[in-house]
There are 2 protein chains.
Amino acid sequence: MPRPLERSDTRLINEVHERLREMIATGELLPDTRLFQERLAASLGVSRTPLREALLRLEREGLVYTVPGKGMFVQGLVPEQAGDLYQLRWIIEPFAARLACESATPEQLERIEAIQSKHEREYPVDVITAFKSNFDLHTSLVEQCPNRRMYEMLCDLWAHNSVLLMFGYYTHNVGAVSNMVAEHREIVDAFIARDCLAVEQLLKKHIEEASESLLKSLQGYKNTGREI
Amino acid sequence: MPRPLERSDTRLINEVHERLREMIATGELLPDTRLFQERLAASLGVSRTPLREALLRLEREGLVYTVPGKGMFVQGLVPEQAGDLYQLRWIIEPFAARLACESATPEQLERIEAIQSKHEREYPVDVITAFKSNFDLHTSLVEQCPNRRMYEMLCDLWAHNSVLLMFGYYTHNVGAVSNMVAEHREIVDAFIARDCLAVEQLLKKHIEEASESLLKSLQGYKNTGREI
DNA sequence: ATACAGGATTCTGAATTCAAACTCTTACCG
DNA sequence: CGGTAAGAGTTTGAATTCAGAATCCTGTAT
């Protein structure tokens with residue numbers, strides 16, 4: 001009997017959501033940009049219906065905000081929110097990484113090592129690549145977390161966090177990247193050695209430091225809105 | 001100058017979302033119920049557009065799931081997911097309660113005491129009221145948490161958790177409610193005494209026990225779908 | 001010149017329409 | 001009798017349309 005192959009989710013909302021996330025994370029859409037639905041939908045080649053649905057997802061993820069009768073805007077950098085995000089990551093991510101480490105397969109360990117090696121080989125790089133690399137590594141540390149809901153929450157936090165990294169951190173203080181690579185290496189080594197508690201502790205410390213560094217660089221940040 | 005009064009969000013999506021959450025939490029819509037958009041929209045007195053948008057929110061909250069070309073269904077009780085939810089609450093909720101306790105105002109303390117007293121006075125009660133009471137108390141403990149994103153996450157977790165409580169716990173093991181009331185009293189007393197660390201510890205223990213109790217009662221649970 | 005009023009224009013929120021996918025029924029064939 | 005295929009009827013996903021709100025522009029009065 002031919003296995004009942006499950007069809008993939010071809011709804012436009014997924015493509016649009018993915019694309020908008022990317023546009024925000026890479027700075028193609030700057031903070032406080034007003035998102036005119038007609039134009040934006042046209043530029044993505046879809047109608048307003050799937051666009052609106054994707055925007056609602058992004059709203060829940062904290063990447064855009066709504067002003068009721070007026071429209072939706074790209075969420076800007078509110079230092080206070082940055083603190084909230086890092087606090088959440090600080091609580092959840094190390095825990096998730098420990099769980100992932102406890103149930104990691106050899107293939108997973110190889111994958112993580114590969115990502116970290118690439119990360120190290122390619123440094124120094126442009127901001128976009130460094131950001132992506134960072135994202136990939138943190139994602140790989142938790143993607144085998146057996147608590148799927150926890151994993152999804154972290155993905156959302158990371159999507160939002162990306163915006164902060166792009167605008168507040170790398171652009172103002174790129175030197176800190178080398179430090180980051182070294183810290184990642186420590187964590188990866190612990191992970192591969194299956195020292196789950198060490199992974200948890202190191203990641204916690206890493207996030208603390210990243211948070212401190214970002215919040216410092218956000219001092220006096222002034223964002224400038226723009227329209228598409 | 002007349003203060004620029006900010007208009008409230010009157011979008012239908014909010015009403016519909018709220019109402020559907022309630023219908024799921026109270027069991028008006030049972031697990032695995034298929035949600036026919038036309039009929040459901042009509043029964044709520046709106047068109048499919050705001051209904052679909054509300055359903056997408058619920059999907060993200062984990063209360064409904066989508067089968068791509070087929071439709072949306074009320075998320076049933078997967079014991080594994082119940083464990084995931086409690087694990088997340090265990091990590092986040094005690095932390096949030098501690099933060100809330102640290103910055104609580106006297107009015108807030110009064111409010112919590114009032115909710116707990118009511119909770120105690122009204123016991124024993126029907127399942128719906130007990131559930132609501134429980135929800136109110138847990139919500140009140142974290143609603144002053146300065147990390148708003150954390151608070152919102154907990155709201156989502158609680159909305160989903162409500163479904164579990166309604167179907168898996170109270171209905172099978174109502175006796176445990178009295179135990180619950182006593183544990184809540186301990187936590188409330190610590191909160192009012194501003195013993196923030198005790199609040200964190202007690203809540204952690206409380207969630208552990210609730211989780212254990214629920215997972216036990218879910219053993220052998222078999223859910224039965226239904227259509228509206 | 002500036003502030004305000006009024007109307008044209010644009011945009012959102014919601015309803016409706018449309019096309020494609022899915023489901024259910026029934027009829028036909030092995 | 002069981003299985004399969006055709007087609008009618010639903011239902012979804014997406015586009016379009018519509019009404020009301022917000023914005024912008026212009027003209028007038030101070």
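Sequence lines set the chain letters: A, B, ... in the order given, protein chains first and strands last, and positions in each chain run from 1.
Atom NZ of A:K70 is separated from atom C1' of D:dA22 by 9 Å (rounded to the nearest Å). Rounded to whole angstrom, the span from the CD atom of B:E59 across to the C1' atom of D:dG13 amounts to 13 Å. When the C1' atom of D:dG13 is taken as reference, atom CD of B:Q37 falls 8 Å away, rounded to whole Å. If you take CZ of A:R39 and C1' of D:dT23, they are 12 Å apart, rounded to a whole angstrom. Computed from coordinates, the A:L12 CG to C:dA20 P distance equals 14 Å when rounded to whole Å. For the pair A:H17 NE2 and D:dA14 P, the interatomic distance rounds to 15 Å; values are reported in whole Å. If you take CG of B:D9 and P of D:dA21, they are 15 Å apart, rounded to a whole angstrom. Taking atom CD of residue B:E38 and atom P of nucleotide D:dG9, one finds them 17 Å apart after rounding to whole Å.
Paired with B:L157 under the rule side chain to side chain contact (heavy atoms under 4.5 Å, CB included), one option of B:E152, B:E61, B:R89, B:E93 passes, and it is B:R89.
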Problem - salt bridge (charged side-chain N to carboxylate O under 4.0 Å, His left out) between A:R11 and A:E53, worked out - result: CA-CA 11 Å; A:R11 288 177 300 172; A:E53 294 179 347; over 6 Å; no
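Nearest nucleotide to the side chain of A:V46, out of D:dA14, D:dA15, D:dT11: D:dA15. Closest to the side chain of B:R11, out of C:dC11, C:dA14, D:dG13, is C:dA14.
Between A:F95 and B:W90, the ring planes are tilted. Angles from 30° to 60° get that label. Ring geometry for B:H138 versus B:W158: interplanar angle of 30 to 60°, hence tilted.
Salt bridge annotation for A:D156-A:R21: present, with a cationic side-chain nitrogen under 4.0 angstrom from a carboxylate oxygen. A salt bridge links B:R19 to B:E22: at least one charged side-chain nitrogen sits closer than 4.0 Å to a carboxylate oxygen.
At a non-hydrogen distance threshold of 4.0 Å, A:R48, A:R52 from residues 47-58 of chain A come into contact with DNA chain C.
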